[in-house]
Amino acid sequence: MQAKKRRKAHSNDMRRNRLSVRIALITIVSSVFSILALEVIYAYVKGMVKDYDHIIEMDYKDVELMDSVMADIYQHQGIVFAHMVETDKDERKELMDEAAGIERRLQDTMTEFGESTRGTDYEKGYHEIFSDVSNYMKSVKLVVDMTKEHNEQTANYYMRSELIPIVRGMDQAVVELDKLIMEDVEKVKHSIQLNSDLMRIITRALLTLLILAAVFNVSYCLRISREMVSRDLLTNVANFDHLIEVGEKLGRKNRLSNYDGLAISIKDFKFVNQEYGSVIGDLVLKGYATTLNNELVRGEILARNGGDNFIALVEKGRVKEFLRSIDRVPVEVGDKMGLTLKSRCGIYQISEEDTIYDMINAGMIAVDETRASGADDFVWFRRERRDEMIRQKDILNGYHRAIDEEEFVVYYQPKVNLKTRTLCGCEALVRWIRNGELIPPNSFIPVLENDGKVQELDFYVFNRVCRDIGDWQRRGIQPVRVSSNFSKLHLHNKEFADDVLAVVNRYGADPYYLEAELTESSGYEDFDALTHFVSEMKEAGIHTSMDDFGTGYSSLSLLRDIDMDVIKLDRTFLRDQCDAKEERMVENIVRMIHDLNRYVICEGVETEEQVEFLKRVGCTMAQGFLFDRPLTREEFEKRLINPYYS
C-alpha cells in the first residue's frame, strides 16, 4: 500500500515534469524554425533588393542614357538643318557653337553609356548605337562643309539621302535595345513578385507556427499554472481557494452532501517547531500532508488552511477508515529521522442544505472543541456548539458599539471587616446592560478574554473607578479602597504600569484608594512582568492583590516571591467548615499570609456560618452576597455614607 502511494506521488511529479519538458521542447523547436525562416526571408529580401537596385541603377539608367542620346541627336540634327538654311554669318557661328556643345554632351553620354553596358547583354546594342552616332557625326561634318562652300542643294540632298537614314537606323537600334532592356526589367519584376509571394507564404507559415506554438505553450502553461495556483506551495496539496472552488462546484451539482467535511490539525505541532526548528517543521508538515493526501480516493480532496490546519472532503462511507489512517501518521524527515504524529479532527456531516462554507465553519468549531476538551482527538460537530459560536460572535460584534454607547456599567461589591461589621473596601465589577437587559459577566468576559478585547474593557472600568473616586473626594464623601481587575494579558504590555498611572493622574485619584487585582495564574504566565508591575504599583502607592488564591499549583512560591499587598482566598476554602483538617489547613494559610505582612480576604461569603468559620481561622475581611450584591454607583454612595452592617 505504501509503495502504491509513493508511486502515485511520483506519477504526479512525472506528469508535471513531462508537461514542463513539452513546453521547453515546443519553445526550442519554434524558436529554431523562426530563426531559419527569418534567415530565408532575409536571403530573399537581399536578392530582391539586389534585383531592384539593378533595375534602378542599371536598366533604367541605360534607358535614360539612350533617351538622352536620341534627344541630343534630334536636337543636333535640327541645328544642322538650321545652319544649312541660315544665310547670316553670325547666326551660323552661334548655331555651330551650340552644335559643338551638344556634341561634347553627346560624347560624355556615350562614354557613360558604354561604361554602363560593358560586360552586359546590352553591350552589343551599345556598339551599334555608337557606330550609328559615329557615322552620323561624319555625315554631319560633310553637310556642314558643303554648306560653308555654299553648296546648299548638295548638302540638302546628302542630308536627306544619308544623314536621315542614319538617324532612323540609330532610332531603330535604340528601340530594339530599349525593348531588350524592358524584357529584362519585366523578368526581374516577375522574379521579385515570385519572391514576394514566397516570402508571404513563408511569413504566414512562420506566424501560423508561432501561433500554434504559443497556443500549445499557453495551454500547457495554463494546466501547470492551474495546478500551481490551486496548490499550496509548501505541501503541494490543494489550497483553500481551490477547496472553495471544488466545494461550490459540488454544491451546484447537489453532490456536496455525498461527503463529510473534516477539519484536521497536527496535535502539539508547535513542539515540533520548538524542538527541531521551523525548517524541520516545514519538512514534517510536507510529509504529513503527503501522507494524508495519499489516503484519499478519486473525487476526495485535501486542502491546507494555513499553519498545520487542513480541510478534507471524504466520502461518507469512508470517514471511519480515513480517521483510522490519520490517527498516527508516520513521517520521514531525511534518511535518519522519523516522527509519528497524532491528529486532531473535527468532523461535520454535510446535509443537502449546507454550503462549503458551512462545512468549513462547522469543522473548525469541532476541531476547536478537541482542544478545549483535551480528551477526544476526533470530535463530531454538535449543533449547540455552533449556537455558542454565533453567540460569541454576536458579543464580539457588539462590543465596540457597547463601549462607545457606554452600555458597560461599573458596579461595586463591598468588602466588610468581620470584626467591626463595617465597609472596608470594594471590588469594581463590570455589567453589560444591552437593550435594557443585564448580561451576566460570565457570558461575555471569557469571550472578550479569548479575543484580547478584555484589556480595553479593563481600562474602561479603571477609568470609571478613578473618575468616581476623584468625584467622591471632591464632594467630601470618604472613599474606600477599590480593587479593579486586570487580565493577565496586560502583562504582555511593557507599558502596562505606565498606562495605569496615566489614568490615575488624569482623574487626580488618590493612589491610596486604588488596588490592582490580578489572578493567581498571572504569575505562571509571566513571572518577571508581574513582579515588575507589582513593584511599580507599590512605588506609586497603589495596592495590588492576588485573586483566586488556592486554585493553582504554585501559590506558596508566589506568596514568597511576589510582594502583593492583599491575598484573596478563593471561595473553595469555604466548602466544608465542619471538617477539622480543612479548618486547620485554612487557619495555617491565613496565619502564613499574615506573617508575611499581607492582608487576607475571602470571597463568596453567603452565610453566617461561613463568617464564624473565617473568624475562627483568623480571616477578618470578607466579600459576598451575605453583606451585599454588586451595587450601582448611586447605591454604593449610600453605603459609603452608611458603612455599617447589622
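Because only heavy atoms are used, hydrogens play no part in the values below, and waters and symmetry mates are left out as well, while side chains stay in.
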Open item on the list: Before you tell me yes or no, could you show the steps for R105 and D108 under side-chain contact (heavy atoms from CB on, under 4.5 Å), namely the whole-Å CA-CA distance, both residues' side-chain angles and the distance that decides it to 0.1 Å?
Closed with: CA-CA 5 Å; R105 187 171 65 209; D108 293 339; 5.5 Å; no
Task: Test side chain to side chain donor-acceptor pair (under 3.5 Å) applied to D354 and Y348, step by step - done: CA-CA 10 Å; D354 289 320; Y348 179 66; 2.7 Å; yes
Would you say the side chain of [Y] lies within less than 4.5 Å of the side chain of [X], judging by non-hydrogen atoms?
X    : Y    : answer
I326 : F378 : yes
I311 : M359 : yes
L296 : V314 : yes
L243 : I360 : yes
D241 : E245 : no
N258 : L250 : no
D327 : K342 : yes
V319 : W380 : yes

Backbone N/O of [Y] and side chain of [X]: donor-acceptor pair under 3.5 Å:
X    : Y    : value
E352 : N254 : no
N397 : K393 : yes
D308 : I266 : yes
T235 : A289 : no
K286 : N236 : no

On a heavy-atom basis, which atom in [X] and which in [Y] lie closest, and how many Å separate them?
X    : Y    : value
E300 : L313 : CB-O, 3.2 Å
I264 : C345 : CG1-SG, 3.9 Å
L302 : A312 : CD1-CB, 3.9 Å
A366 : G346 : CB-CA, 3.5 Å
S265 : V367 : OG-CG2, 4.1 Å
F322 : E295 : CE1-CB, 3.8 Å

Task: For D260, the option from K316, Q349, R318 that meets side-chain hydrogen bond (donor to acceptor under 3.5 Å, both in side chains) - done: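 Answer after filtering K316, Q349, R318: K316.
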From [X] atom [atom1] to [Y] atom [atom2], the distance as rounded to the nearest 0.5 Å:
X    : Y    : atom1 : atom2 : result
R231 : H242 : CZ    : NE2   : 6.0 Å
L285 : L234 : CG    : CG    : 5.5 Å
N273 : S278 : CG    : OG    : 6.5 Å
M364 : N309 : CE    : CG    : 5.0 Å
F381 : I350 : CZ    : CD1   : 12.0 Å
T370 : K267 : OG1   : NZ    : 8.5 Å

Open item on the list: Checking F310 against Y288 for the side-chain contact (heavy atoms from CB on, under 4.5 Å) test, could you report, in this order, the C-alpha distance in whole Å, the side-chain angles of both residues, the deciding distance, and whether it holds?
Closed with: CA-CA 10 Å; F310 298 86; Y288 178 82; 3.9 Å; yes
Open item on the list: List the residues meeting side-chain hydrogen bond (donor to acceptor under 3.5 Å, both in side chains) with T109, not counting sequence neighbours, and say none if there are none.
Closed with: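 In terms of side-chain hydrogen bond (donor to acceptor under 3.5 Å, both in side chains), with neighbours along the sequence ignored, T109 is linked to no residue.
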- [ ] For atom CZ of R401, decide whether the heavy atoms of other residues, nucleotides or ligands shown that lie under 6.0 angstrom number more than 12.
- [x]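 Counting other residues, nucleotides and ligands, CZ of R401 exceeds 12 neighbours.
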Open item on the list: Taking atom CD as the centre, does Q107 end up with more than 12 heavy-atom neighbours from other residues, nucleotides or ligands that are less than 6.0 angstrom away?
Closed with: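 No, CD of Q107 has 12 or fewer neighbouring heavy atoms, counting only those of other groups under 6.0 Å.
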TODO: Take Y276 and L339 through the side-chain contact (heavy atoms from CB on, under 4.5 Å) test and state the conclusion after the steps.
DONE: CA-CA 11 Å; Y276 303 106; L339 297 174; 3.9 Å; yes
Task: Under 3.5 Å side-chain donor-acceptor pair for D358 and T355 - done: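 Yes, because at least one side-chain N or O of D358 sits under 3.5 Å from a partner of the opposite role on T355.
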Open item on the list: Assess the residue pair D377 and R344 against the criterion (side-chain contact (heavy atoms from CB on, under 4.5 Å)); give the C-alpha distance rounded to whole Å, side-chain angles, the decisive distance to 0.1 Å, and a yes or no.
Closed with: CA-CA 5 Å; D377 290 335; R344 296 185 186 276; 4.1 Å; yes
Task: E456 with K453: basic N within carboxylate O range, under 4.0 Å - done: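 The answer is no: the pair does not qualify as a salt bridge.
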Pairs under 3.5 angstrom only: tabulate donor-acceptor contacts from the side chains of residues 93-101 to other protein residues two or more places apart or in another chain.
unit_1 : atom_1 : unit_2 : atom_2 : d
K93    : NZ     : D97    : OD2    : 3.4

